[in-house]
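Structure first, commentary second.
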Amino acid sequence: MGKHYKVTSGLLGLKTDAVRAVDGVSLTVSKGETLGLVGESGCGKSTLAKCVMGLESISSGRIVFQDRDVSDWPEKALRRKMQMIFQDPYSSLNPRQKIGSIIREGLDIHSIGTRAERRARVQELLGLVGLRPEHGTRYPHEFSGGQRQRVAVARTLALDPDLIVCDEPVSALDVSVQAQILRLLKTLQTRLDLTYVFISHDLSVVSHIADRVAVMYLGRIMEIGPGADIFATPRHPYTEALLSAVLTPDPTRRTERIPLSGELPSPMNPPSGCPFHPRCPKAFERCPQERPELRETAPGVQVACWLY
Ligand code: SF4
């Protein structure tokens with residue numbers, strides 16, 4: 001699928017260009033798994049997430065959820081089945097609303113259960129995310145960042161979704177709190193048979209939670225495969241560079257850092273051939289001339305690079 005935005009420029013806005021935010025991406029996510037989407041800020045991963053959620057229309061291709069095109073799903077039914085956790089738990093929670101009311105909102109909108117049943121469900125959800133029943137009567141500002149993200153998780157669980165898109169859910173948190181939220185998400189996944197699309201710019205975060213990992217660059221997938229495989233044997237030079245920047249406590253696994261030169265190019269004017277070639281330490285003559293497509297290089301692993 002693709003998502004392109006038209007931008008106008010020039011005198012009187014007569015010149016039209018297309019920003020290819022997501023370009024020819026093909027992904028599947030199986031029930032119960034976590035697909036990690038990794039890449040630098042601006043690589044198109046959040047746009048892709050919004051398209052998956054049906055919050056953005058797509059320019060080409062299709063998105064199928066549970067054997068049905070996302071555009072064919074009634075809006076309300078889709079919102080029950082798919083939920084999203086956002087990066088900043090403070091701005092995603094209404095500061096004037098009590099926690100219990102925030103968690104209950106989806107149940108109220110969808111008229112699920114009696115008032116007593118909704119109150120009981122809120123208590124159950126507070127417990128599920130490691131908060132106490134009395135927390136339901138407090139306001140977001142009375143909580144730490146980690147607790148607020150727990151509230152955001154409880155709110156997404158209220159409607160019993162099948163798929164949760166987590167958009168940088170721990171980026172705004174301290175490292176120790178990040179680990180707690182990641183553990184919570186994993187526990188809830190096992191308990192409730194949840195499916196996650198987990199978006200992050202940080203490969204080390206993704207390594208803790210993803211079953212499979214897709215590495216994005218300028219709106220395209222550069223490498224995709226089982227997380228354990230990609231972290232042990234990165235093949236694409238971009239994945240290698242991202243992984244070399246990850247600190248590991250194991251001194252035998254430390255690798256020399258591969259610096260990424262220059263900025264991420266503009267998706268309005270992407271480089272010719274392989275989009276990574278201006279920054280790639282392994283680029284050769286063919287790279288700026290022809291664009292490599294994803295090819296299977298090992299069972300379940302696909303890489304878009306002329307070295308493979
Ligand atoms: Fe680097 Fe060439 Fe591979 Fe692109 S195709 S990642 S430029 S070696």
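Atoms within each ligand, like the ligands themselves, are counted from 1 in listed order.
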Residue pairs meeting side-chain hydrogen bond (donor to acceptor under 3.5 Å, both in side chains), one or both in residues 298-308, sequence neighbours left out, come to none

Flag the pair Arg212 and Glu33 as a salt bridge only when some basic side-chain nitrogen lies within less than 4.0 angstrom of an acidic carboxylate oxygen. yes

Could you work out, with ring pair (Phe, Tyr, Trp, His ring centres under 6.0 Å) as the rule, every residue matching Tyr196, not counting sequence neighbours? none

Separation between CG of Leu194 and CG of Leu185, rounded to the nearest 0.5 Å: 9.0 Å

Is the closest side-chain donor-acceptor distance between Asp69 and Ser71 under 3.5 Å? yes

Protein-derived N, O or S atoms sitting under 2.8 Å away from atom 4 (Fe) of ligand 1 total 1

Among all residues two or more places apart in sequence or in another chain, which pass the side chain to side chain donor-acceptor pair (under 3.5 Å) test with Lys81? Asp162

